[in-house]
2 protein chains.
Amino acid sequence: MPNLEELRQLVAFADLGTLSRVAEKFHISTPSVTRAMQHVEDDFAVPLFIRGKNKIELNETGKAAAEYARKLLQEAEQTVRQVRELDRRRHTVAVCSCAPAPLWELLPKLNAQRPEMTVSGSVCRNDAVLAAWQAGECDVAVLPFPVEGAKPFMRENLFVCVPPDHALAKLPKLTFATINGFNFLLRTELGFWDALCREKMPASKFLVQTDNAVFDELVNASSLPCFTTDYNKLGSYPGRVNIPLADEAAHVTFYILQK
Amino acid sequence: MPNLEELRQLVAFADLGTLSRVAEKFHISTPSVTRAMQHVEDDFAVPLFIRGKNKIELNETGKAAAEYARKLLQEAEQTVRQVRELDRRRHTVAVCSCAPAPLWELLPKLNAQRPEMTVSGSVCRNDAVLAAWQAGECDVAVLPFPVEGAKPFMRENLFVCVPPDHALAKLPKLTFATINGFNFLLRTELGFWDALCREKMPASKFLVQTDNAVFDELVNASSLPCFTTDYNKLGSYPGRVNIPLADEAAHVTFYILQK
DNA sequence: AGGCATTACGCTGGACGTAAAAATT
DNA sequence: AATTTTTACGTCCAGCGTAATGCCT
């Protein structure tokens with residue numbers, strides 16, 4: 001049964017060409033490498049090297065052995081990775097949501113329910129959420145439409161958020177048709193909201209900003225409209241008014257899939 | 001980097017259920033197994049066991065780890081086998097022939113030409129010879145017909161071998177048609193001759209004997225006809241006469257394929 | 001009482017590094 | 001002179017087995 005550490009040295013020797021360089025790479029002495037190579041040869045019980053007085057190289061069998069060893073080492077590393085990943089999965093609840101708001105509701109609840117588990121949430125596009133769920137890559141999925149086995153979870157309503165002196169602020173209600181054409185500030189990682197806005201407002205341009213702090217600054221500094229929702233605690237900007245969107249599409253029921 | 005010897009013990013534990021049985025299997029002490037399992041757990045750096053006061057079992061991750069380890073060990077063994085096989089191939093000339101006679105000629109010559117090599121010969125059916133050659137499983141192939149790259153090697157002629165008082169002994173020449181219907185003694189491992197006889201003499205029955213000594217005894221003890229060829233040194237039975245077969249099929253040119 | 005896992009402890013063989021030798025460039 | 005491989009040698013620790021402990025059935 002070969003020793004994987006020695007096989008690593010064999011592979012390194014195939015790559016580097018001299019025992020000294022292998023020793024250097026692994027921060028060990030050259031005699032140690034010499035012995036390791038002798039040991040590998042003993043393990044395989046066939047000659048792998050052509051030895052000169054102060055020269056050593058792989059013979060044809062040795063070259064092939066190094067390649068086989070390389071493959072085996074990759075498989076060994078993969079084995080370790082798979083086991084660790086399996087353990088990680090046993091200690092985390094992975095939530096995949098189409099929008100951030102359900103995560104704000106869900107993650108604290110899950111954390112309280114399963115204090116020994118790490119709860120991890122991510123926002124993806126609808127199709128990616130569904131794919132992750134079906135592939136078993138997440139334990140909880142949140143989608144903006146019902147699917148087999150899903151339960152209604154919460155409702156989120158979209159608002160337009162503008163300074164009080166903005167033209168749109170005069171209206172008590174808005175529709176996508178009304179605001180189509182206005183340019184908007186948009187936070188990224190809004191998941192499905194992002195796609196919805198772009199679909200409903202094809203004439204608008206969106207200034208996207210990932211960083212939350214920077215986004216807030218931009219909102220305060222400019223008079224450009226942005227979106228907020230009744231779950232968006234971060235989005236209650238002082239000095240701005242929230243105007244509801246009347247469209248059905250702006251009122252979303254999220255459905256939850258749970259193992 | 002996991003230790004394969006320890007992984008073997010992990011797999012054995014998954015199969016046997018207790019550390020004592022693992023110790024017994026590998027002829028080592030139980031404390032040694034305990035330590036090995038602790039070491040495996042350290043290597044993977046995740047919990048693999050559920051430990052009671054005098055009880056230990058695999059958790060779900062551990063069970064999976066044992067299965068991954070089982071696979072890895074098989075791959076490690078395969079790696080060793082492949083390297084050894086490669087070395088063996090480097091020290092042997094494998095000859096695959098459709099009939100034994102060419103081997104009698106060829107093997108001594110190859111032995112003389114390459115004294116450092118082990119020469120191994122085997123007799124197979126025509127299709128198997130061709131398959132082995134094409135798969136690179138042999139270094140020399142001998143076939144009873146020409147193929148691309150093959151050179152004519154030798155000619156072998158088939159004789160019928162009967163006691164002098166046998167009915168067939170009266171004829172100076174024979175054909176397959178004449179002897180069809182007579183029952184014959186047949187040595188196995190005649191390769192393509194076997195198939196040829198059965199094809200040309202559908203009405204005959206063949207008494208097959210593998211063991212050469214037993215076959216010779218049978219030839220001496222019975223008056224049943226058998227075959228011999230001009231290369232069959234073993235087949236020159238005293239007290240029997242050899243009658244040539246006139247058919248073209250009884251005169252074979254062997255073609256040789258060599259790397 | 002017998003079986004099982006684990007800890008304690010002493011021993012030993014194996015693995016390491018340093019030093020040195022011998023050969024090559 | 002510098003580089004490379006290998007041997008010699010002393011050191012040290014990882015891994016082994018024995019013995020003992022604690023627990024369960």
Side-chain angles (χ1 to χ4, degrees), chain A residues 1-63 65-66 69 72-73 76 80, chain B residues 1-63 65-66 69 72-73 76 80:
Chain A
M1 192 69 54
N3 176 317
L4 295 186
E5 201 56 39
E6 290 171 350
L7 291 189
R8 287 184 65 201
Q9 295 182 29
L10 175 68
V11 169
F13 176 61
D15 291 337
L16 302 175
T18 82
L19 299 188
S20 333
R21 284 200 274 265
V22 176
E24 194 180 359
K25 167 165 182 175
F26 289 103
H27 306 105
I28 56 180
S29 67
T30 30
S32 192
V33 181
T34 296
R35 285 188 295 258
M37 294 303 98
Q38 289 166 348
H39 197 187
V40 171
E41 220 172 7
D42 287 351
D43 270 335
F44 281 107
V46 300
L48 301 176
F49 302 95
I50 303 166
R51 296 169 199 276
K53 293 299 296 187
N54 72 335
K55 192 165 99 179
I56 180 171
E57 53 182 344
L58 291 165
N59 65 20
E60 287 305 310
T61 313
K63 286 177 193 165
L72 183 63
L73 287 168
V80 174
Chain B
M1 194 68 55
N3 177 317
L4 295 185
E5 202 56 39
E6 290 171 350
L7 290 189
R8 288 184 64 201
Q9 295 182 29
L10 176 68
V11 170
F13 177 61
D15 292 337
L16 302 175
T18 82
L19 299 189
S20 333
R21 284 200 273 265
V22 176
E24 193 180 359
K25 166 165 182 173
F26 289 103
H27 307 105
I28 57 180
S29 66
T30 30
S32 192
V33 181
T34 296
R35 285 187 296 257
M37 295 303 98
Q38 288 166 347
H39 198 188
V40 170
E41 219 172 8
D42 288 350
D43 270 334
F44 282 107
V46 300
L48 301 177
F49 302 97
I50 302 165
R51 296 169 197 276
K53 292 301 294 189
N54 71 335
K55 192 166 95 178
I56 179 170
E57 53 182 342
L58 290 165
N59 64 20
E60 287 306 311
T61 312
K63 286 176 194 167
L72 183 64
L73 287 168
V80 174

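To find a chain, count down the sequence lines: A is the first, B the second, and so on, and within it residues start at 1. If you're wondering where the values come from, they're calculated on a predicted model, not measured in any experiment.
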task: Please determine if A/Arg51 and A/Glu41 form a salt bridge, counting it only when a charged side-chain N lies under 4.0 Å from a carboxylate O.
output: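 Between A/Glu41 and A/Arg51 there is a salt bridge, with a charged N closer than 4.0 Å to a carboxylate O.
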
Would you say a side-chain N or O of [X] is under 4.0 Å from OP1 or OP2 of [N]?
{"X": "A/Ser29", "N": "C/dT18", "result": "no"}
{"X": "A/Arg51", "N": "D/dT6", "result": "yes"}
{"X": "A/Gln38", "N": "D/dT6", "result": "no"}
{"X": "B/Ser20", "N": "C/dG3", "result": "no"}

Is any side-chain heavy atom of [Y] closer than 4.5 Å to one of [X]?
{"X": "A/Asn59", "Y": "A/Pro47", "value": "yes"}
{"X": "B/Leu72", "Y": "B/Leu4", "value": "yes"}
{"X": "B/Phe44", "Y": "B/Thr61", "value": "no"}

Candidate nucleotides [options], ranked by approach to the side chain of [X] - the nearest:
{"X": "B/Lys53", "options": "D/dG15, D/dG17, D/dC23", "value": "D/dC23"}
{"X": "B/His39", "options": "C/dC4, C/dA5, D/dG15", "value": "D/dG15"}
{"X": "B/Pro31", "options": "C/dT7, D/dC23, D/dG15", "value": "C/dT7"}
{"X": "B/Thr34", "options": "C/dT6, D/dC24, D/dT5", "value": "C/dT6"}

Nearest-Å distance for atom pair [atom1]/[atom2], residues [X] and [N]:
{"X": "A/Asn3", "N": "C/dG14", "atom1": "CG", "atom2": "C1'", "value": "12 Å"}
{"X": "B/Glu5", "N": "C/dG14", "atom1": "CD", "atom2": "P", "value": "14 Å"}
{"X": "B/Glu57", "N": "C/dG3", "atom1": "CD", "atom2": "P", "value": "21 Å"}
{"X": "A/Leu16", "N": "D/dT4", "atom1": "CG", "atom2": "C1'", "value": "15 Å"}

Next item on the list: Could you pick out which residue, B/Gln9 or A/Phe13, lies toward the 5' side of DNA chain D when each is mapped onto its nearest nucleotide?
Entry: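 Taking each residue's closest nucleotide, the earlier one in sequence belongs to A/Phe13.
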
Note: for A/Lys55 and B/Arg35 on DNA chain C, the residue whose nearest nucleotide lies more 5' is B/Arg35

One should read off an interatomic distance between B/Leu73 CG and B/Glu5 CD, to the nearest 0.5 angstrom, of 9.0 Å

### Query
Quick one: does A/Asn54 reach the base of C/dA23 with a side-chain donor-acceptor pair under 3.5 Å?
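Answer yes: a donor N or O sits under 3.5 Å from an acceptor.
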
